[in-house]
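Right, one structure below, let's go through it.
Convention: sequence-line order gives letters A, B, ...; per-chain numbering from 1.
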Amino acid sequence: MAKETKTRKAKTAGRRKKDPNAPKRSLSAYMFFANEQRETVRSENPGIAFGQVGKLLGERWKALSAKDKIPYETRAAQDKKRYEDEKASYLANGSADFEEEEE
DNA sequence: ACGTTGATTGTTCGC
DNA sequence: GCGAACAATCAACGT
């Protein structure tokens, strides 16, 4: 399987890119985890380079127990809900007969 | 219905 | 401002 690990861009057909409101996505647990760890990791490793932090961060992330990730997963789930709202509006407008541009 | 894929999210650092 | 490793994600499309 080819898993592109570098800014995977549209290529096949570009599906969601056609979204009128484009409700983006939500953050992942890692995003929240990074938000907290970034301070800790950098604090523990003064002058650490992104390459090291990034990798170290990933390792630490998995080093956590499922329950340890809870707070992050919880936030992720919350953010997802935020996305749901966007999607809701996006669908609402998309399903609506009239397309209005809020301006 | 199930599977694949693509798009996105945020951090750090350098230039 | 963006790109790239790091991980998650997950929703829509495809078959």
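- For the pair Q37(A) and W61(A), the minimum side-chain heavy-atom distance is 4.5 Å or more.
- Here the C1' atom of nucleotide dT11(B) and the CH2 atom of W61(A) are 13 Å apart, to the nearest Å.
- One interatomic measurement links the two molecules: CD of Q78(A) to P of dT9(B), which rounds to 18 Å at whole-angstrom precision.
- Side-chain to base pairing of S28(A) with dT9(B): one donor and one acceptor N or O lie within less than 3.5 Å of each other.
- Within the 4.0 Å cut-off from OP1 or OP2 of dC6(C), at least one side-chain nitrogen or oxygen of K55(A) is found.
- One atom, OH of Y83(A), and another, P of dA11(C), lie 6 Å apart when rounded to the nearest Å.
- A donor-acceptor pair is defined here as one N or O able to donate and one able to accept, closer than 3.5 Å; such a pair exists between the side chain of R38(A) and the backbone of N35(A).
- For Q78(A), the CD atom is loosely surrounded, since the number of other residues' heavy atoms within 6.0 Å does not exceed 12.
- Of the residues in residues 30-38 of chain A, Y30(A), M31(A), A34(A), N35(A), R38(A) come within less than 4.0 Å of DNA chain B through at least one heavy atom, sorted by number.
- Of the listed nucleotides (dT12(B), dT9(C), dC10(C)), dT12(B) has the atom at the smallest distance from the side chain of R42(A).
- With hydrogens and angles ignored, the 3.5 Å screen pairs no side-chain donor or acceptor of D79(A) with any backbone N or O of A76(A).
- Contact check for L56(A) versus Q52(A): no side-chain heavy atoms found under the 4.5 Å cut-off.
- Nearest-nucleotide positions on DNA chain C place F50(A) closer to the 5' end than the other of F50(A) and R25(A).
- The side-chain heavy atoms of L57(A) and Y30(A), taken from C-beta on, include a pair separated by under 4.5 Å.
- The nucleotide whose nearest atom lies closest to any side-chain atom of K24(A) is, among dT9(B), dC10(C), dC13(B), dT9(B).
- Closest-nucleotide positions on DNA chain B for G47(A) and D79(A) were compared, and the one nearer the 5' end corresponds to D79(A).
- Where L56(A) and E84(A) each meet DNA chain C at their nearest nucleotide, the meeting point lying more 5' is that of L56(A).
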